[in-house]
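Here is the structure we will look at.
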There are 2 protein chains.
Amino acid sequence: MKQKDGLSIGELSKRSDVNIETIRYYEKIGVMPAPDRSANRYRVYGADHLKRLSFVRRSRRLGFSLDEIRGLLRLVDGHAYTCAQVRELTLNHLTEIQRKIEDLKWLKRAMEEMAAQCSGERAPECAVIDALFDTRRQFG
Amino acid sequence: MKQKDGLSIGELSKRSDVNIETIRYYEKIGVMPAPDRSANRYRVYGADHLKRLSFVRRSRRLGFSLDEIRGLLRLVDGHAYTCAQVRELTLNHLTEIQRKIEDLKWLKRAMEEMAAQCSGERAPECAVIDALFDTRRQFG
DNA sequence: TCTTGACCCTGTAGCAGCTACAGGCCTTAG
DNA sequence: CTAAGGCCTGTAGCTGCTACAGGGTCAAGA
């Protein structure tokens with residue numbers, strides 16, 4: 001890599017902790033901009049790419065969809081965002097997370113109930129199976 | 001439907017609360033057995049199909065993957081399961097659910113922290129964006 | 001008798017968000 | 001000279017469905 005500051009895709013991958021294939025995928029779907037290429041057509045990235053990719057990675061880990069991230073980046077790119085907009089997106093997202101937590105808690109309770117019936121012995125009867133086959137029970 | 005007890009796929013769908021296309025999909029991937037066909041090649045289901053499909057639906061709602069369900073059904077079909085086996089599968093599944101809950105809680109905390117910094121004003125500065133771009137922060 | 005509508009059929013393509021090849025080029029070290 | 005490691009493009013696969021396209025079948029109504 002002759003360019004000052006130039007990162008190969010492999011280096012970018014290591015520094016951002018994002019898979020090489022995923023980086024190329026992000027480029028294809030327009031989340032990451034197409035970088036310059038060196039003489040041998042290798043991708044050459046700069047510090048701005050690293051920053052942006054890290055942003056994407058962090059947002060993904062926080063559960064934002066790629067579409068939501070595209071929305072955030074559009075705002076950032078256009079310098080057009082207001083705090084209120086971002087806040088709204090974040091709060092919406094928070095509501096969804098809370099809903100998911102509730103769902104999982106319900107699920108956990110239901111399964112614990114079933115497992116509690118379970119003798120754990122080598123018998124061919126099983127309360128879990130019975131419960132799942134029991135048409136009187138309504139799960140959800 | 002001339003057969004006694006014979007259900008069309010539409011009726012099965014209504015009674016099991018599973019989509020028609022999903023039923024056909026389950027047949028294709030081997031979760032549901034191929035049913036008899038009437039003279040016009042329509043699928044004809046019996047009470048056993050309804051029972052099995054309901055089992056699948058309930059298990060799905062409890063978050064079991066189709067692969068796990070296939071495993072459960074194999075045990076049931078072979079009358080080879082012991083309570084201990086099923087219990088283990090269930091407990092494994094419970095552990096995973098708990099892990100997911102913890103993940104989501106962490107996520108929620110992180111996002112709440114970010115949102116709390118947010119003024120909600122029309123200013124072009126935003127604590128959320130800053131946090132996501134801040135390379136010193138480690139999310140996950 | 002014709003037609004309309006509600007069913008059913010098969011097969012394929014699409015969704016998210018990647019991941020994993022296949023088949024090739026380039027560069028450098030031994 | 002060759003082998004290893006990186007990079008390239010392009011396509012197919014994963015889960016668990018869903019949504020067609022393009023057709024057949026059947027009963028009831030005009």
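Throughout, a chain's letter reflects where its sequence line sits, starting with A, and its residues are numbered from 1. Note that the coordinates shown come from a computational prediction; the quantities given were computed from them, not determined experimentally.
In the helix from C:dT1-D:dA30 to C:dG30-D:dC1, the end axes, each obtained as the rotation axis mapping the C1' atoms of four pairs onto the next four within a five-pair block, lie 30° apart to the nearest 10 degrees.
Atoms CG (B:Leu7) and C1' (C:dC8) sit 15 Å apart, rounded to a whole Å. Between the CG atom of A:Leu12 and the P atom of D:dG6 there is a distance of 15 Å, given to the nearest Å. Atoms CG (A:Leu53) and P (C:dC18) sit 11 Å apart, rounded to a whole Å.
In this structure B:Asp17 satisfies the side-chain contact (heavy atoms from CB on, under 4.5 Å) test together with B:Arg57, B:Arg61, sequence neighbours excluded. For A:Phe64, the ring-ring contact (aromatic ring centres under 6.0 Å, His included) partners are A:His93, not counting sequence neighbours.
A salt bridge does not link A:Glu11 to A:Arg15: none of the charged side-chain nitrogens sits closer than 4.0 Å to a carboxylate oxygen. With respect to B:Asp48 and B:Lys51, no salt bridge is recorded, no charged nitrogen being found less than 4.0 Å from a carboxylate O.
For the 3.5 Å distance criterion, the side chains of B:Asp67 and B:Ser65 fail to qualify, holding no donor opposite an acceptor. For B:Gln98 and B:Thr95, the side-chain atoms include no donor-acceptor pair closer than 3.5 Å.
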Distances for protein N or O near nucleotides 21-23 of chain D N or O, under 3.5 Å:
none

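The CZ atom of A:Arg109 sits 12.5 Å away from atom CG of B:Leu94, with the distance rounded to the nearest 0.5 Å. Atom-to-atom distance recorded for A:Leu53:CG and A:Arg60:CZ is 12.5 Å, nearest 0.5 angstrom. For the atom pair CE of B:Met111 and CG of B:Leu107, the computed distance is 7.0 Å after rounding to the nearest 0.5 Å. Note that the CG atom of A:Asp36 and the CZ atom of A:Arg43 stand 12.0 Å from one another [nearest 0.5 Å]. Here OG of B:Ser16 is found 9.5 Å from OH of B:Tyr26. Values are rounded to the nearest 0.5 Å. Distance check, rounded to the nearest 0.5 Å: CD of B:Glu96 to CD1 of B:Ile101 gives 12.0 Å.
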Can you check salt bridge (charged side-chain N to carboxylate O under 4.0 Å, His left out) on A:Asp103 and A:Lys100, steps first, answer last? CA-CA 5 Å; A:Asp103 282 1; A:Lys100 277 184 200 162; over 6 Å; no
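Of all the residues in residues 97-105 of chain B, not one reaches under 4.0 Å from DNA chain C with any non-hydrogen atom.
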Contact string for nucleotides 7-18 of chain D, one letter per nucleotide 5' to 3', B = base within protein heavy-atom range under 4.0 Å, S = sugar-phosphate only, - = neither, reads SSB-B----BBB
